[in-house]
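Counting convention: from 1, in listed order, for ligands and their atoms alike.
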Amino acid sequence: MINIAIDGPSGAGKSSLAKRLAADLGYIYVDTGALYRAIGLCAYERGADTSVPAEVEKILPETHLELRYEDGAQKVILNSRDVSSDIRLPHVSMLASDVSKIPRVREFLLDLQRDMAKNNNVIMDGRDIGTVILPGADVKIFLTASDEGRAKRRYKELIEKGVSTTYEEVLEDMRARDLQDRSRDIAPAVPAEDAVVLDNSDIDFEGTVEAAHRIISSKIGE
Ligand code: DC
């Protein structure tokens, strides 16, 4: 199976890029952030404090997560409930980042991610795909952009979804979350040694897609 890893900070456009590449290549797109979001949401709904590992760990034995695909779109099923929309609520982002610092949460999600890659050609996006989940991935891209550029994109997305927020708030939340993801002890969001860093601060979406295709072709000839 061919495995392509796309890592990077929030708002760099990983999921749009990964979805497009998956469609172009006929691979499955796996959004791993959705798994951490589902655990963050589950912990929150059960009244657990996501900054206290023991409280989050307590809910894991009763947490069943599944990924399903409908017309190429990933659905996240948490204990038989489709949480694909609820996990996108803005407050869930930081809850996901909180639970992602907990080693037992990362262990809990490891096999699910690796099994997807073992059984399918995948484009998987996240923070630690190239470093921890699929260290032998055929292609590793670390997608990044300036803080301002990323916040502008994220702000636009939220406004289009009808969420009431400000650019400043988005920028501040994004910086706090990225710092937490980048500086944690376990699986920090940093490029793998053999990743190609793609900075799209000054290129539009189509330019980013082209650059990614060039990187992929140079590694696997597709
Ligand atoms: O990609 P996202 O914004 O949906 O991810 C939400 C959080 O989940 C992110 O702040 C950090 C965590 N995460 C992670 O630690 N490792 C991954 N592979 C994907 C996400």
### Query
Which atoms of ligand 1 sit under 4.0 Å from any heavy atom of D128?
16 (N), 17 (C), 18 (N)
### Query
For ligand 1, is there an N or O atom under 3.5 Å from any N or O atom of Y36?
no
### Message
With heavy-atom distances below 4.0 Å as the criterion, list the atoms of ligand 1 near S100.
### Response
11 (C), 12 (C), 15 (O)
#### Entry: Which residue and heavy atom of the protein sit nearest atom 16 (N) of ligand 1, plus the separation
R106 NH2, 3.1 Å
### Remaining members of hydrophobic cluster (4.5 Å side-chain criterion), Y167
Y155, L158, I159, V163, V170, L171, M174
### Query
So which protein heavy atom does atom 3 (O) of ligand 1 come closest to, and at what separation?
R177 NH1, 2.9 Å
### Query
Can you find an N/O atom of R127 closer than 3.5 Å to an N/O atom of ligand 1?
yes
### Query
Any heavy atom of R184 sitting closer than 4.0 Å to ligand 1?
yes
### Message
Test your reading of the structure: does T32 have an N or O sitting under 3.5 Å from an N or O of ligand 1?
### Response
yes
### Query
Would you call R20 and E206 a salt bridge, taking side-chain N to carboxylate O under 4.0 Å as the test?
yes
### Query
S97 pairs by side-chain hydrogen bond (donor to acceptor under 3.5 Å, both in side chains) with which of D181, T50, D178?
D181
### Message
For R88, is there an ion pair with D31 - N to carboxylate O distance below 4.0 angstrom?
### Response
yes
### Message
Distance alone, cut at 3.5 Å: any donor-acceptor contact between the side chains of D125 and S15?
### Response
no
### Message
Checking side-chain contact (heavy atoms from CB on, under 4.5 Å) between I129 and each of I133, V132, T131, which is the one that passes?
### Response
I133
### Query
Is any side-chain N of the basic residue among E70 and R68 closer than 4.0 Å to the acidic one's carboxylate O?
no
#### Entry: R37, portion touching ligand 1 at heavy-atom distance under 4.0 Å
side chain
### Task
Say whether D125, considering both its backbone and side-chain N or O atoms, lies within less than 3.5 Å of an N or O atom on ligand 1.
no
### Message
Regarding E157 and R154, does a basic nitrogen lie under 4.0 Å from an acidic carboxylate oxygen?
### Response
yes
### Query
Is D31 close to ligand 1, meaning an N/O of one under 3.5 Å from an N/O of the other?
no
### Task
Using non-hydrogen atoms of the residue, decide whether M94 is closer than 4.0 angstrom to ligand 1.
no
